[in-house]
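Here the structure is laid out as structure tokens; the discussion comes afterwards.
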Amino acid sequence: MRSPSGLRLPGQRRNIRLMPNLATCQGILRRLIAKGDPNAISLAERAINEYWDVTLERGRKSGLRLIQLDVLEQRNAVIGAQHDFAQTVNDYIEKKLRGE
């Protein structure tokens, strides 16, 4: 009998191939949000842009929405500079999703 972690959801493997750098981008953004340094906004934007550039077109928006959900969770878990940083990152993601 396989454990739940050994089960694969339908389409899961396909999605992983479409968004290979999702975890890297999330990790970078989590570390930057934890620091909350407003001078690091350009680093967050670069991480998002690099994710966008290396991800296949058909996986970009859905992957960026997953990243956005993670950013929003981080934002809602912190206060002060970290909250403001996460909100700024979320605003940038929103612009990216709109094609601006």
### Task
State whether the number of non-hydrogen atoms from other residues, nucleotides or ligands found under 6.0 Å of Glu100 atom CD is greater than 12.
yes
### Query
Is it true that a side-chain atom of Gln82 and a backbone atom of Ala34 form a donor plus acceptor pair closer than 3.5 Å?
yes
### Query
Going by heavy atoms in the side chains, are Asn21 and Glu50 under 4.5 Å from each other?
no
### Task
With rounding to the nearest 0.5 Å, note down the distance linking CD in Gln68 to NZ in Lys96.
13.5 Å
### Query
So, for Ala47 and Cys25, which heavy atoms are closest and what is the spacing to 0.1 Å?
O-SG, 3.7 Å
### Heavy-atom check, side chain of Gln26 versus side chain of Val71, under 4.5 Å
no
### Query
So Ile67 and Ile93, side-chain contact (heavy atoms from CB on, under 4.5 Å) or not? Walk me through it.
CA-CA 9 Å; Ile67 291 169; Ile93 290 171; 4.1 Å; yes
### Task
Rounded to the nearest 0.5 Å, what's the gap from OG1 on Thr55 to CG on Leu22? Could you check?
8.0 Å
#### Entry: Residues Gln87 and Asp91: side-chain donor-acceptor under 3.5 angstrom
yes
### Message
Donor-acceptor check, side chain of Arg75 to backbone of His83, threshold 3.5 angstrom: yes or no?
### Response
no
### Task
May I ask whether Leu66 and Ile48 are part of the same hydrophobic cluster, defined by side-chain heavy atoms of I, L, V, M, F, W, Y residues being less than 4.5 angstrom apart, directly or through others?
yes
### Summary
In terms of heavy-atom contacts, Phe85 and Ala44 come closest through CZ-CB, 4.1 Å
### Hydrophobic cluster membership, Tyr92 vs Leu32, 4.5 Å side-chain cutoff
yes
#### Entry: Check: Ala86 main-chain N/O paired with Asn90 side-chain donor or acceptor under 3.5 Å
no
### Query
Is there a side-chain contact between Leu64 and Leu97, using heavy atoms and a 4.5 Å cut-off?
yes
### Task
Report yes if some heavy atom in the side chain of Glu45 is under 4.5 Å from a heavy atom in the side chain of Val89; otherwise report no.
no
### Task
Evaluate the side-chain proximity of Thr24 to Tyr51: yes if any heavy-atom separation is below 4.5 Å, no if none is.
no
### Query
Any idea which heavy atoms bring Asn39 and Ser42 closest together, and the distance?
O-OG, 4.1 Å
### Query
Is Leu43 reachable from Leu29 through a run of I, L, V, M, F, W or Y residues, each pair having side-chain heavy atoms under 4.5 Å apart?
yes
